[in-house]
Protein chains: 2
Amino acid sequence: MAPPNSDVGDVQRGAGRPRDPRIEQAALAAARELLVEVGYARLTVAAVAGRAGTTKAALYRRWPSLPHLVYEAAFPDDLLKDWHLGADLRADLLGIVVGTRDAFTTPVAAAALPGLLAEFSTHPVLHNALLSRFASVFEAIDDRLRDAATAGEVKAEARSEDLLRLMIGAALIGVLLGPETLDDAWAARITDILLEGIRP
Amino acid sequence: MAPPNSDVGDVQRGAGRPRDPRIEQAALAAARELLVEVGYARLTVAAVAGRAGTTKAALYRRWPSLPHLVYEAAFPDDLLKDWHLGADLRADLLGIVVGTRDAFTTPVAAAALPGLLAEFSTHPVLHNALLSRFASVFEAIDDRLRDAATAGEVKAEARSEDLLRLMIGAALIGVLLGPETLDDAWAARITDILLEGIRP
DNA sequence: CCGATTACGATACTCTTGGTTCCGTATTCG
DNA sequence: CGAATACGGAACCAAGAGTATCGTAATCGG
């Protein structure tokens with residue numbers, strides 16, 4: 001299970017000189033900066049190492065490849081918070097839409113997302129890592145929808161997985177096409193469509 | 001305006017030896033095959049040239065870069081057809097959902113899409129080229145929605161751009177997560193959600 | 001304190017690949 | 001015929017991912 005580390009990479013040390021923890025942070029910070037400055041395509045390991053004040057070897061000691069580093073830099077563990085579901089159904093759905101949008105429209109996330117999506121076919125580990133980020137969301141929305149169904153608020157056949165995919169897809173398309181249109185009014189409109197779409 | 005060629009690349013010739021038209025076709029076919037066989041990440045120019053029975057130079061004479069070639073191979077002009085909108089609104093929307101899904105779940109399109117999305121930040125030309133593929137769709141759905149609104153079938157505030165993005169996003173997410181779930185039942189469910197979501 | 005182990009910075013290195021250039025030859029236009 | 005362009009073939013260049021080596025530093029177990 002490994003200690004409270006990240007989704008990817010890293011093993012456990014027993015003896016020998018310990019890793020300098022400041023390097024890990026410096027590397028992630030450098031990657032974030034460079035992602036925004038030069039974009040995913042022009043991001044090089046040497047540049048990250050240089051800005052972090054270390055060397056490529058130190059980075060490859062921590063991450064198996066550049067995409068792994070980028071993933072951890074752009075999608076830290078706490079990116080998706082819990083949204084205290086359970087209040088008004090519309091508020092709950094809106095919260096998920098807004099939360100997904102916010103997670104994707106961070107400058108660093110927006111810069112990293114297209115490139116990472118492309119790497120997913122080559123690095124299934126990363127694919128699963130990002131998916132697992134949404135696992136808790138899926139479960140939450142699934143429960144919430146079930147409750148709403150028994151309460152007669154939504155159709156019984158409504159599938160939480162359809163709903164979640166529509167939400168994520170809308171946010172993703174927005175990022176790929178230009179996040180300037182993803183304002184709060186957009187979130188409200190999307191939420192309304194989806195909510196009305198699953199009412200009985 | 002250039003002759004009836006493709007969205008990207010190509011200029012006009014006046015004198016000199018004409019290009020062998022079979023090379024263009026052979027290259028596109030080779031690219032399609034290799035995309036499916038090895039994926040976008042492992043697709044190399046040399047491999048395409050080799051399988052097409054020509055050389056890199058001949059390819060770079062036709063396309064400014066590998067992504068341009070891949071784009072033309074994976075998203076030919078006739079990929080998105082018109083759907084004879086105007087009948088039943090639900091049938092029209094379902095047609096768009098199914099059409100988008102089909103366009104994205106082609107083996108070659110599914111293999112090329114993630115990689116191309118990543119290149120869009122580096123090659124705005126490609127970005128616009130793919131977007132223009134949907135321009136006609138957008139216009140058609142916009143008109144159709146306006147008619148439906150005056151007929152009282154949908155809300156007046158319903159935005160065709162929201163609808164189209166939800167459709168494309170859902171199909172895209174499906175491809176990125178695994179197209180095996182995008183069957184006709186899926187298309188029907190998505191269509192129902194969206195349709196009910198914009199009813200008055 | 002000692003040996004084993006691992007990390008560190010620095011550097012050099014290998015290998016792949018996108019893209020360019022040059023060659024001699026072939027084809028078309030005017 | 002001459003200018004222009006394409007062709008296959010091959011060499012070439014530059015960049016960058018990832019690996020390896022070296023001398024040094026830090027930590028652990030004994």
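All values derive from a computational prediction rather than experimental measurement. Each chain gets a letter, A, B and so on, in the order its sequence line appears, and its residues count up from 1. The analysis underlying the following values was restricted to heavy atoms, covering all of them including side chains, and did not include hydrogens, waters or symmetry mates.
Taking atom CZ of residue A/Arg22 and atom P of nucleotide C/dA7, one finds them 17 Å apart after rounding to whole Å. The distance from atom CG of B/Leu43 to atom P of C/dG18 is 8 Å, rounded to the nearest whole Å. Summarising the geometry, the separation between CG on B/Asp20 and P on D/dC7 is reported as 7 Å, rounded to the nearest angstrom. For A/Ile23 and C/dC8, the CD1 to C1' distance is 7 Å, given to the nearest whole Å. Taking atom CZ of A/Arg19 as the reference point, atom P of C/dA7 lies 5 Å away to the nearest angstrom. Between the P atom of C/dA7 and the CH2 atom of A/Trp63 lies a distance of 13 Å, rounded to the nearest Å. B/Leu59 has its CG atom 9 Å from the P atom of D/dG8, to the nearest Å.
Summary of the strand contacts: A/Gly16 and A/Ala57 both lie near DNA chain C, and taking for each the nucleotide with the nearest heavy atom, the more 5' one is attributed to A/Gly16.
By the 4.5 Å heavy-atom criterion applied to side chains, A/Glu196 and B/Lys155 are counted as neighbours.
For B/Ala58, counting side-chain heavy atoms from C-beta on, the closest listed nucleotide (D/dG9, C/dG18, D/dC7) is D/dC7. Candidate nucleotides D/dG18, D/dT27, C/dG19 were compared by shortest atom distance to the side chain of B/Ser65, and C/dG19 ranks first.
The shortest distance between the side-chain N/O atoms of A/Arg61 and the OP1/OP2 oxygens of C/dT6 is not below 4.0 Å.
For the residue pair A/Arg165/B/Thr181, the side-chain donor-acceptor check at 3.5 Å is satisfied.
In this structure, B/Glu24 does not pair ionically with B/Arg19, as no charged nitrogen and carboxylate oxygen lie closer than 4.0 Å.
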